[in-house]
Number of protein chains: 2
Amino acid sequence: MADTGSPGGESLLFLTDEQLRRGIEAMFFAYQGFTADPDRILAERGYGRAHHRAIHFINRRPGANVNTLLAILGVTKQSLNRVLRTLIEDGLVEARVGTRDKRERHLHLTEAGAALETELSTAQRDRMRAAYKAAGPGAVAGFRQVLEAMMDPEALKRYAALRDGGS
Amino acid sequence: MADTGSPGGESLLFLTDEQLRRGIEAMFFAYQGFTADPDRILAERGYGRAHHRAIHFINRRPGANVNTLLAILGVTKQSLNRVLRTLIEDGLVEARVGTRDKRERHLHLTEAGAALETELSTAQRDRMRAAYKAAGPGAVAGFRQVLEAMMDPEALKRYAALRDGGS
DNA sequence: TATTTTATGTCAGCCTTGTTGACATTCCAA
DNA sequence: TTGGAATGTCAACAAGGCTGACATAAAATA
């Protein structure tokens, strides 16, 4: 707890422009930290954040097709496709042609892909765990509430669908 | 408040892997929302997030030189330079040669630059304000605590320096 | 004072990853 | 069976990260 970002008062000023600006800056700097550890691991192997996101959600939704992944990630096809191609070439992801619908490619992590996923998410969870411990359980609940309120409605749906197991 | 992300229990499981994973996903989706409104405004003018960050911090630290801005943003010179060049060409930023040290360029927003800054930060603050209102004051405090705990130590210093007025 | 070292900022060139648009394949419905 | 819709691939481009070389100005030192 570093400051209130306010020049004088106390109680309701979490809605002052200055307070809001501090929240914006906190998001910016926190996101740098949030991605720092995975970025290091990825850089060693010549990958970027896009690879991380693909690996994360393929692990989360094994067997998802490309369109599903596109909807979750909110990027365009070619961005994802390029990343997928390298991951498949490198043997981290397997694309199985659909049996019912042969247009679909069902995506799975290989053993090597799962190993990288573990390495990445362990690093990111370690930082998250440390931050949660430092801030305490009450703070964590508030953190999650504000983040959810900040999402676009569509993103919130995708976020909820991940929890519910919806594909 | 959508879920606890947990399969069964209640009290201490904000530290389970699943809970941590949900926090990671919340950060991902929330950051999309966080940048969505400014991104739209910027796209209209052919700018990107890098321009936004430069404008934000030049507004925050008028007269800062390029090196100071580099330290705040945590990017390399060329990334910033390219963005600064376009902003200067477009008349949004003014670079004044230092009087004491002629190597330095002191950066200021022009009137047009300040107008764009207001437009961008108003949009972003509006969303932040809505999220804060929806989550409530207690949640906001927790949100800020977790974000600060998530920053790298160097980033936390830069963040604090912005509050303190340090350059 | 002259010269070397250090600091600031610019530029060229590379890579990742975002974009749009054209296309092949497959499925489905008229 | 044929014409549209859906799925995924690919080419080409733009933004914005990166490193490294460089010009200029200031500061330190001989």
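Letters A, B, ... are given to chains in the order of the sequence lines, protein chains preceding strands, and every chain is numbered from 1.
- A:Tyr132 and B:Leu20 get closest at one heavy-atom pair: CD2-CD2, 3.8 Å.
- The distance between atom CD of A:Gln78 and atom P of C:dT17, rounded to the nearest whole Å, is 12 Å.
- Distances shown here put every side-chain N or O of A:Thr76 at or beyond 4.0 Å from the OP1 or OP2 atom of C:dG18.
- Across the protein-nucleic acid pair, B:Ile88 atom CD1 and C:dG9 atom P stand 11 Å apart, rounded to whole Å.
- Comparing A:Asp101 and A:Arg82 by the nucleotide of DNA chain C whose heavy atom lies nearest to each, the residue mapping closer to the 5' end is A:Arg82.
- Which of C:dA7, D:dT9, C:dT19 sits closest to the side chain of A:Val66 comes down to D:dT9.
- The OH-P distance, from A:Tyr47 to C:dT17, rounds to 11 Å in whole Å.
- Ion pairing between A:Glu25 and A:Arg22 holds under the 4.0 Å rule for side-chain N and carboxylate O.
- Sequence order on DNA chain C of the closest nucleotides to A:Val75 and A:Thr99 puts A:Val75 first from the 5' end.
- Remark: B:Asn81 is in phosphate contact with C:dT10, judged by side-chain N or O atoms under 4.0 Å from OP1 or OP2.
- Under 4.0 angstrom from either OP1 or OP2 of C:dT16 there lies no side-chain N or O belonging to A:His51.
- B:Leu107 has its CG atom 14 Å from the P atom of C:dT8, to the nearest Å.
- As judged by a 4.0 angstrom heavy-atom cut-off over every strand, B:Lys102 is placed among residues touching the sugar-phosphate backbone only.
- We find that A:Arg85 and A:Asp90 are not joined by a salt bridge, their nearest charged nitrogen and carboxylate oxygen being 4.0 Å or further apart.
- The minimum heavy-atom distance between B:Val83 and B:Ala50, with the atom names listed, is CG2-CB, 3.5 Å.
- Ranking C:dT10, D:dG17, C:dA12 by closeness to the B:Ser79 side chain, first place goes to D:dG17.
- The phosphate of C:dC11 (OP1 or OP2) has a side-chain N or O of B:Arg85 nearer than 4.0 angstrom.
- The A:Arg103 side chain lies nearest to C:dT25 when the options are C:dT6, C:dT25, C:dG9.
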